[in-house]
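Below is one structure, written out as structure tokens; the observations come after it.
Only this structure's heavy atoms are used, side chains among them; waters, hydrogens and symmetry mates stay out.
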Amino acid sequence: MDLRHYLQFKDLDRSDIEYVFERARIIKDRFKRYEAYHPLADRTLVMIFEKASTRTRLSFEAGMHQLGGAAIYLNTRDSQLGRGEPVEDAAQVISRMCDIVMIRTYEQEIIERFAAHSRVPVINGLTNEYHPCQILADIFTYIEQRGCIQGRTVSWVGDSNNMCHTWLQAAEVLDFNVHVSTPPGYEVEPERAGLYGTDHFESFADPLEACRGADLVTTDVWTSMGFEAENEERKKAFADWCVDAEMMAVADPKAVFMHCLPAHRGEEVTAEVIDGPQSVVWDEAENRLHVQKALMEFLLLGRVAG
């Protein structure tokens with residue numbers, strides 16, 4: 001089987017993603033019925049963390065154990081990567097001792113360089129530019145809750161960060177629309193928007209208008225990891241970009257609310273919305289586990305029957 005990585009959402013085509021979603025559905029059903037399923041027995045996942053994590057570590061580590069394999073946690077503070085070992089050298093060594101690698105780091109370039117020198121599949125657990133595993137889980141959750149996402153409208157309210165960039169890629173691959181509303185000065189970079197074409201992306205100055213008629217409303221923290229020095233400045237700039245009941249009221253009556261977590265109630269979203277009846281954030285968080293299990297199975301075994 002050819003070596004494949006998952007570094008950006010577009011690394012999988014529509015057929016691959018639909019397959020992974022179907023496998024996630026089957027794997028989740030087995031999990032809920034306490035049915036053992038160990039297709040990755042004797043396989044080892046290495047998880048490399050430069051950025052802190054709760055959901056990413058838990059979902060990958062638990063997921064690999066549930067598939068019969070083992071997971072090893074490394075962070076750059078405790079490894080030679082933190083002492084200046086070249087990424088290329090680390091990739092050569094680490095990939096000779098395991099079967100698959102997940103990396104959560106800062107620059108996308110780091111994970112691209114690692115993958116270029118790896119003998120095994122590499123998964124992006126988050127970079128400054130993209131968060132593809134989270135969007136896989138989000139879309140899987142939407143399909144569970146409301147059916148096919150093709151032709152639907154996703155409203156992104158807040159910072160044009162790695163989540164926003166990945167939603168734009170996903171829209172191109174799966175043929176849905178993204179309405180983006182950010183404060184002035186925080187818009188999607190023109191060159192980045194150009195990467196994803198214009199057919200599936202529309203920008204709105206008013207977040208309320210971005211939410212009008214949307215099938216899914218989603219946001220993220222105003223200050224992503226690595227931008228903490230801008231926190232107070234961002235709080236002022238983003239004050240009108242808090243997803244509230246008024247925004248949800250103009251969305252489609254069946255619209256759902258998502259947030260990748262952790263959330264700051266009263267900042268990017270009100271408690272009324274995130275804890276309300278349209279919120280699916282807890283299903284969304286759980287689905288990281290099931291979708292990533294399906295992804296690891298796919299990258300290691302290809303398409304399996306049954």
Side-chain angles (χ1 to χ4, degrees), residues 49 51-60 62 104 125-142 144-146 154-168 170 178-183 186 188 207-208 210-211 214-252 254-292:
F49 286 88
K51 284 189 174 187
S53 167
T54 300
R55 280 152 294 276
T56 296
R57 178 177 178 182
L58 179 59
S59 55
F60 271 106
R104 183 179 175 95
L126 175 143
T127 61
N128 288 346
E129 290 85 357
Y130 303 110
H131 199 357
C133 290
Q134 181 66 58
I135 301 304
L136 268 184
D138 291 2
I139 295 172
F140 178 74
T141 304
Y142 182 84
E144 274 192 326
Q145 299 283 336
R146 296 291 186 265
V154 174
S155 173
W156 176 267
V157 176
D159 191 18
S160 60
N161 61 8
N162 50 6
M163 287 285 293
C164 178
H165 299 158
T166 310
W167 272 116
L168 294 175
V178 181
H179 291 178
V180 176
S181 182
T182 69
Y186 295 91
V188 175
L208 193 69
C211 294
D215 301 285
L216 190 166
V217 178
T218 185
T219 188
D220 193 5
V221 295
W222 290 340
T223 306
S224 298
M225 283 180 286
F227 297 89
E228 288 81 4
E230 303 174 12
N231 192 43
E232 292 307 313
E233 178 185 347
R234 283 172 172 262
K235 280 185 178 181
K236 295 175 184 176
F238 284 78
D240 293 331
W241 276 261
C242 174
V243 177
D244 57 17
E246 185 181 8
M247 292 185 194
M248 295 304 298
V250 301
D252 187 272
K254 294 183 178 179
V256 295
F257 172 78
M258 292 190 187
H259 191 305
C260 61
L261 304 176
H264 300 114
R265 289 165 175 79
E267 290 188 14
E268 72 273 6
V269 61
T270 64
E272 181 182 11
V273 169
I274 195 170
D275 298 320
Q278 290 174 283
S279 175
V280 294
V281 297
W282 314 122
D283 293 306
E284 176 190 4
E286 178 191 333
N287 281 334
R288 286 286 300 277
L289 172 70
H290 309 302
V291 167
Q292 288 164 188

Which is it for Glu246 and Leu208 under the side-chain contact (heavy atoms from CB on, under 4.5 Å) test, yes or no, and what are the steps along the way?
-> CA-CA 8 Å; Glu246 185 181 8; Leu208 193 69; 3.8 Å; yes
Exercise: identify the closest heavy-atom pair between [X] and [Y]:
{"X": "Ala255", "Y": "Ala214", "value": "CB-O, 3.4 Å"}
{"X": "Cys211", "Y": "Val217", "value": "SG-CG1, 4.0 Å"}
{"X": "Arg104", "Y": "Ser53", "value": "NE-CB, 3.5 Å"}
{"X": "Ser160", "Y": "His165", "value": "O-NE2, 3.1 Å"}
{"X": "Pro183", "Y": "Gly158", "value": "CD-O, 3.8 Å"}
{"X": "Asn161", "Y": "Trp156", "value": "OD1-CZ2, 3.4 Å"}

Rounded distance (nearest 0.5 Å) linking atom [atom1] of [X] with atom [atom2] of [Y]:
{"X": "Cys242", "Y": "His264", "atom1": "SG", "atom2": "NE2", "value": "12.5 Å"}
{"X": "Met248", "Y": "Ser279", "atom1": "CE", "atom2": "OG", "value": "8.5 Å"}
{"X": "Gln292", "Y": "Cys133", "atom1": "CD", "atom2": "SG", "value": "4.5 Å"}
{"X": "Arg288", "Y": "Leu261", "atom1": "CZ", "atom2": "CG", "value": "10.0 Å"}
{"X": "Asn162", "Y": "Cys260", "atom1": "CG", "atom2": "SG", "value": "7.5 Å"}
{"X": "Met258", "Y": "Ile274", "atom1": "CE", "atom2": "CD1", "value": "12.5 Å"}

Any donor-acceptor pair under 3.5 Å linking the side-chain atoms of [Y] with those of [X]?
{"X": "Thr219", "Y": "Glu268", "value": "no"}
{"X": "His259", "Y": "Glu284", "value": "no"}
{"X": "Arg265", "Y": "Thr270", "value": "no"}

Hey, does [Y] have a side-chain heavy atom less than 4.5 Å from the side chain of [X]?
{"X": "Tyr186", "Y": "Trp241", "result": "no"}
{"X": "Val188", "Y": "Cys164", "result": "yes"}
{"X": "Val180", "Y": "Leu168", "result": "yes"}
{"X": "Gln134", "Y": "Thr166", "result": "no"}
{"X": "Thr56", "Y": "Leu126", "result": "no"}
{"X": "Met163", "Y": "Ile135", "result": "yes"}
{"X": "Trp167", "Y": "Leu216", "result": "yes"}
{"X": "Phe257", "Y": "Thr218", "result": "no"}

Would you sort out whether Asn287 and Glu144 count as a side-chain hydrogen bond (donor to acceptor under 3.5 Å, both in side chains), showing the intermediate values?
-> CA-CA 10 Å; Asn287 281 334; Glu144 274 192 326; 3.0 Å; yes
Under 3.5 Å: donor-acceptor pair, side chain of Asp244, backbone of Met247 = yes
Backbone N/O of Ala210 and side chain of His179: donor-acceptor pair under 3.5 Å | yes
Can Val256 and Gln278 be said to form a side-chain contact (heavy atoms from CB on, under 4.5 Å), step by step?
-> CA-CA 5 Å; Val256 295; Gln278 290 174 283; 5.6 Å; no
Determine, stepwise, if the pair Val221 / Glu267 fulfils side-chain contact (heavy atoms from CB on, under 4.5 Å).
-> CA-CA 8 Å; Val221 295; Glu267 290 188 14; over 6 Å; no
Stepwise side-chain contact (heavy atoms from CB on, under 4.5 Å) test for Asp159 and Asp220 | CA-CA 7 Å; Asp159 191 18; Asp220 193 5; over 6 Å; no
